[in-house]
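Model, not experiment: these values are computed from the prediction. A, B, ... follow the sequence lines: proteins, then strands. Residue 1 opens every chain.
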2 protein chains.
Amino acid sequence: MRPSRLTLDDYLPYLVNRVGVALALEFGKDALARYGLSIEMWRVLVVLSANGGQRQVDLGGLTSIDASTLSRMVTRLARLGFVVRRRSTANNREVEVALTGKGRAALRRLIPIARRYEQLAAAGIAPAELAAVKRALCAMYRNLTPAAD
Amino acid sequence: MRPSRLTLDDYLPYLVNRVGVALALEFGKDALARYGLSIEMWRVLVVLSANGGQRQVDLGGLTSIDASTLSRMVTRLARLGFVVRRRSTANNREVEVALTGKGRAALRRLIPIARRYEQLAAAGIAPAELAAVKRALCAMYRNLTPAAD
DNA sequence: CCGAGTTTAATGCGTGTGCAACTATTGTAA
DNA sequence: TTACAATAGTTGCACACGCATTAAACTCGG
């Protein structure tokens with residue numbers, strides 16, 4: 001293949017972006033909108049659910065969201081009552097962000113829906129192959145972020 | 001696994017988004033910035049390069065970019081000299097967007113760099129497995145967009 | 001213990017985004 | 001032909017984003 005042409009169906013970033021946008025759109029407009037949440041907010045909540053309370057800077061690393069954007073987003077999430085932001089007792093410049101009961105309740109309802117969209121996307125793909133895809137995506141992320149994580 | 005918990009490394013939308021953002025960031029700040037291009041603009045140019053001149057509405061479908069956003073983006077791309085926007089002669093409400101010579105020249109230089117980032121991401125993944133990943137991503141997109149395409 | 005340097009978070013600012021509303025053109029059916 | 005609906009594109013508006021800067025707290029060598 002000539003290096004000066006790109007076939008879309010063979011160009012990985014295009015394929016990844018397309019699936020990512022499609023997944024976000026479906027789930028975002030359907031389920032998340034009912035909670036006043038954006039997809040980025042959802043990602044923050046998922047990371048908090050999976051990894052527990054986090055400093056904002058770590059949340060940023062895990063969600064690939066800019067620190068300034070995240071600061072304002074956490075303010076909105078707190079105003080909605082899904083998280084609390086409390087100054088760390090040990091280190092007074094750090095802020096710990098943690099889920100509230102309301103946040104956990106919303107996640108309990110949203111996670112099954114998220115899984116259904118995941119299954120919808122993966123329909124017709126053999127479990128072993130799906131696992132291989134996930135492993136490959138993890139490897140790609142590690143390749144692209146040598147220093148981090 | 002309990003349905004009310006999500007393991008990040010097993011949650012497909014998270015993995016896809018993470019790789020997508022990492023790819024866009026690397027390429028966007030490094031190579032695209034020198035041309036005054038954003039990643040979204042790059043995606044538009046790539047689609048034009050792969051599929052030829054397009055109506056704006058079709059560009060939107062292929063790039064997952066909102067029509068109004070695209071309208072303004074094409075204005076900027078035209079001002080930068082990368083594309084031309086001309087009213088279709090057959091159908092006077094349609095607009096055809098096409099690459100200029102300058103646009104094609106920029107693509108000739110950028111595509112090899114894009115491929116290098118793609119290879120960087122896919123390093124250590126066997127060609128057959130990479131092909132399987134691409135097929136899976138295409139299948140996922142089809143699953144998520146039943147009507148379109 | 002002091003002060004330079006680092007880390008973490010918040011904010012000012014210009015800009016891009018998506019939704020909704022609007023204009024213009026084309027398609028369709030009585 | 002005329003009226004109504006559908007399609008393509010643009011624009012107004014409010015808002016979220018990212019960068020650069022600032023503020024505050026911590027670290028550590030001298």
Colleague: When the distance from CG of B:Asp58 to P of D:dA8 is rounded to whole Å, what number comes out?
Modeller: 8 Å
Colleague: Quick one: which of C:dC19, D:dG18, C:dA9 gets closest to the side chain of B:Ser68?
Modeller: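 Of the options given, the side chain of B:Ser68 lies nearest C:dC19.
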Colleague: So, OP1 or OP2 of C:dT17: does either fall under 4.0 Å of a side-chain N or O from B:Thr69?
Modeller: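 No, outside the criterion.
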Colleague: Think B:Arg85 has a side-chain N or O under 4.0 angstrom from the OP1 or OP2 of D:dT10?
Modeller: yes
Colleague: Mind checking whether A:Phe82 and A:Tyr35 have parallel, tilted or perpendicular rings, split at 30° and 60°?
Modeller: tilted
Colleague: For A:Arg72 and C:dC13, what is the distance between atoms CZ and P respectively, to the nearest whole Å?
Modeller: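 In whole Å, C:dC13 P lies 12 Å from A:Arg72 CZ.
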Colleague: Measuring to OP1 and OP2 of D:dG18, would you say a side-chain N or O of B:Lys29 lies under 4.0 angstrom away?
Modeller: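 False: B:Lys29 side-chain N/O out of range (4.0 Å or more) of D:dG18 OP1/OP2.
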Colleague: Tell me what A:Arg55 touches on the nucleic acid: a base, only sugar-phosphate, or nothing, going by heavy atoms under 4.0 Å.
Modeller: sugar-phosphate
Colleague: If you apply the rule side chain to side chain contact (heavy atoms under 4.5 Å, CB included), what do you find for A:Leu137 with B:Leu12, and how did you get there?
Modeller: CA-CA 9 Å; A:Leu137 288 171; B:Leu12 185 70; 4.0 Å; yes
Colleague: Starting at CD1 of B:Ile65 and ending at P of C:dT17, how long is that distance when rounded to a whole Å?
Modeller: 8 Å
Colleague: Among D:dA8, C:dT17, D:dA20, find the nucleotide with the atom closest to the side chain of B:Val57.
Modeller: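 Nearest to the side-chain atoms of B:Val57, counting from C-beta on, is D:dA8.
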Colleague: Taking the side chain of A:Arg93 as heavy atoms from C-beta outward, which of D:dT7, C:dC19, C:dT7 is closest to it?
Modeller: C:dT7
Colleague: If you check every side-chain atom of A:Met73, which of D:dC26, D:dC17, D:dA8 has the closest atom?
Modeller: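 Looking only at heavy atoms from C-beta outward on A:Met73, the closest nucleotide is D:dC17.
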Colleague: Starting at atom CG of A:Leu25, determine the distance to atom P of C:dC19, rounded to an integer number of angstrom.
Modeller: 8 Å
Colleague: Within this structure, what is the CZ-to-P distance between A:Arg87 and D:dA23, rounded to whole angstrom?
Modeller: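 Answer to the nearest Å: 15 Å.
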Colleague: Under 4.0 Å between a Lys/Arg side-chain N and an Asp/Glu carboxylate O for B:Lys134 and A:Asp10?
Modeller: yes
Colleague: Figure out the CZ/P separation between A:Arg76 and D:dC15, and round it to whole Å.
Modeller: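 Spelled out: CZ on A:Arg76 to P on D:dC15 is 11 Å.
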